[in-house]
Number of protein chains: 2
Amino acid sequence: MSDLLERLRGRGWRMTAQRRVVAEVLDGDHVHLTADEVHARAVARLPEISRATVYNTLGEMVTLGEVLEVATDGRAKRYDPNAHRPHQHLVCGRCGAIRDVHPGGDPLADLPDAERFGFTISNVEVTYRGICPSCATTA
Amino acid sequence: MSDLLERLRGRGWRMTAQRRVVAEVLDGDHVHLTADEVHARAVARLPEISRATVYNTLGEMVTLGEVLEVATDGRAKRYDPNAHRPHQHLVCGRCGAIRDVHPGGDPLADLPDAERFGFTISNVEVTYRGICPSCATTA
DNA sequence: TGCTTGACTTGGACAATGTCCATTATAGGA
DNA sequence: TCCTATAATGGACATTGTCCAAGTCAAGCA
């Protein structure tokens with residue numbers, strides 16, 4: 001059973017076939033699908049599901065705080081179901097592969113007050129960019 | 001005189017009116033314009049300049065390493081001429097304001113080998129998100 | 001179980017951002 | 001000044017995302 005689905009049910013979210021399928025598609029570790037990828041996989045299980053519904057559903061999950069939106073490239077946003085384990089991302093600049101990583105330290109502590117310009121900071125995103133082992137060998 | 005323009009000239013970049021205008025529009029500190037914003041300002045100085053040229057020119061500057069591409073929201077990419085001073089970004093989640101910031105510490109050092117999955121990491125981007133002073137008072 | 005109703009889904013139009021290409025113009029060297 | 005490789009143009013097209021009016025359905029209730 002999908003953890004994400006469990007959490008959504010637990011919140012009294014009205015359940016429909018479409019929402020269930022989207023939650024199932026999105027569940028797991030190191031999952032960072034675009035909306036269109038989610039749609040493609042959802043269609044495989046529920047052929048009538050529409051693109052608009054996938055966008056709506058993903059948007060609601062993000063609003064509920066059960067899914068994170070990540071923008072690692074300038075292209076389509078990706079959706080990360082691992083919203084309850086703080087983590088950062090490691091991205092391959094060649095193939096686009098994304099891994100969740102857990103750095104030590106507190107990046108927020110590294111930003112002195114003088115560099116905060118009066119902002120109230122609520123969150124820090126760190127993206128490590130490089131080349132993955134598989135792309136490194138395929139010179 | 002524009003620092004960015006200087007650097008580009010110094011590289012023997014073929015200079016045209018369009019390229020000069022784009023470089024001038026983009027020069028400065030805390031500048032993070034979208035391609036369309038660059039185009040709008042460029043048109044004010046050189047009415048015939050086309051959108052395609054602005055996109056081409058920005059792309060070349062990025063390739064040359066003289067301008068950075070930053071994607072702080074899921075929308076349009078922004079262009080940052082401050083490519084030779086390592087820095088990170090502080091973003092207001094309400095109004096979208098962006099400031100360059102200079103954290104202490106080395107975020108790369110915080111990522112243990114075991115969390116690198118064999119990647120060769122070349123660069124780390126940190127985005128601090130919060131609310132700017134002006135948005136905080138305009139509750 | 002079978003209504004009722006408000007919330008959900010649908011498909012298609014539209015918007016925003018970005019890319020491509022054939023044609024025309026031009027910077028900079030000979 | 002002339003030539004030529006390189007750049008600019010504009011318009012079509014692609015991708016990603018949003019919106020809306022109409023139809024459909026989940027879930028509470030009799």
Side-chain angles (χ1 to χ4, degrees), chain A residues 5 8-26 32-64 66-80 96 98, chain B residues 5 8-26 32-64 66-80 96 98:
Chain A
L5 198 44
L8 291 166
R9 271 192 216 286
R11 279 163 163 270
W13 205 44
R14 177 166 160 181
M15 194 49 61
T16 66
Q18 291 85 348
R19 290 177 166 192
R20 184 169 12 81
V21 166
V22 170
E24 285 168 0
V25 161
L26 210 53
H32 308 92
L33 299 172
T34 65
D36 265 0
E37 287 165 353
V38 170
H39 181 238
R41 298 188 189 197
V43 162
R45 304 186 186 201
L46 186 67
E48 325 82 77
I49 193 171
S50 74
R51 241 167 41 92
T53 295
V54 170
Y55 276 98
N56 288 342
T57 304
L58 290 171
E60 284 156 21
M61 289 175 179
V62 170
T63 298
L64 289 171
E66 296 295 347
V67 166
L68 297 176
E69 217 169 55
V70 305
T72 53
D73 52 9
R75 317 292 296 275
K77 290 177 201 161
R78 295 181 173 273
Y79 294 88
D80 181 339
I98 305 177
Chain B
L5 197 46
L8 291 166
R9 272 192 215 284
R11 278 164 164 269
W13 204 44
R14 176 166 160 180
M15 194 51 60
T16 66
Q18 292 81 352
R19 288 178 168 193
R20 183 167 17 77
V21 165
V22 170
E24 286 169 359
V25 161
L26 210 54
H32 307 93
L33 299 171
T34 65
D36 265 0
E37 287 165 353
V38 171
H39 181 238
R41 299 188 187 199
V43 162
R45 303 186 186 204
L46 186 67
E48 326 80 77
I49 193 171
S50 74
R51 243 165 41 91
T53 295
V54 170
Y55 276 99
N56 289 343
T57 304
L58 291 171
E60 284 155 22
M61 290 177 183
V62 169
T63 298
L64 289 171
E66 296 294 347
V67 165
L68 297 176
E69 216 170 54
V70 306
T72 53
D73 54 6
R75 318 292 297 274
K77 292 176 200 161
R78 294 179 173 274
Y79 294 87
D80 182 339
I98 305 177

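Because only heavy atoms are used, hydrogens play no part in the values below, and waters and symmetry mates are left out as well, while side chains stay in. Throughout, protein chains are lettered first and strands after them, A, B, ... in sequence-line order, and every chain is numbered starting at 1.
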Quick one: A/Glu48 CD to C/dC8 P, roughly how many Å, whole number?
19 Å
Nearest-Å distance, CG (B/Leu46) to P (D/dA8)?
10 Å
Counting only N and O atoms by type, is there a donor-acceptor contact under 3.5 Å from the side chain of B/His39 to the main-chain atoms of B/Tyr55?
no
Grab the two heavy atoms, one from B/Ala71 and one from A/Asp73, that are nearest each other, plus how far apart they are.
CB-O, 4.3 Å
What nucleotide among D/dT9, C/dT9, D/dA7 has an atom nearest to a side-chain atom of B/Arg19?
D/dA7
Rounded to whole angstroms, how far apart are CZ on A/Arg75 and C1' on C/dA16?
15 Å
Name all residues meeting the side-chain hydrogen bond (donor to acceptor under 3.5 Å, both in side chains) criterion together with A/Glu66; count only those two or more places apart in sequence or in a different chain, and write none if there are none.
A/Arg7, A/Arg11, A/His84
Measure CD/B/Glu37 against C1'/C/dG18 and give the value in whole Å, please.
15 Å
Using only side-chain N and O atoms of B/Ser50, determine if any of them is under 4.0 Å from OP1 or OP2 of D/dG10.
no
Test item: B/Arg19 side-chain N/O and B/Arg14 main-chain N/O as donor-acceptor pair under 3.5 Å
yes
Based on the rotation axes of five pairs at each end, what angle does the helix from C/dT1-D/dA30 to C/dA30-D/dT1 bend through, to 10°?
20°
Strictly under 4.0 angstrom, non-hydrogen atoms only: write out the protein contact profile of nucleotides 18-30 of chain D, one letter per nucleotide from the 5' end, B, S or -.
BB-----BBS---
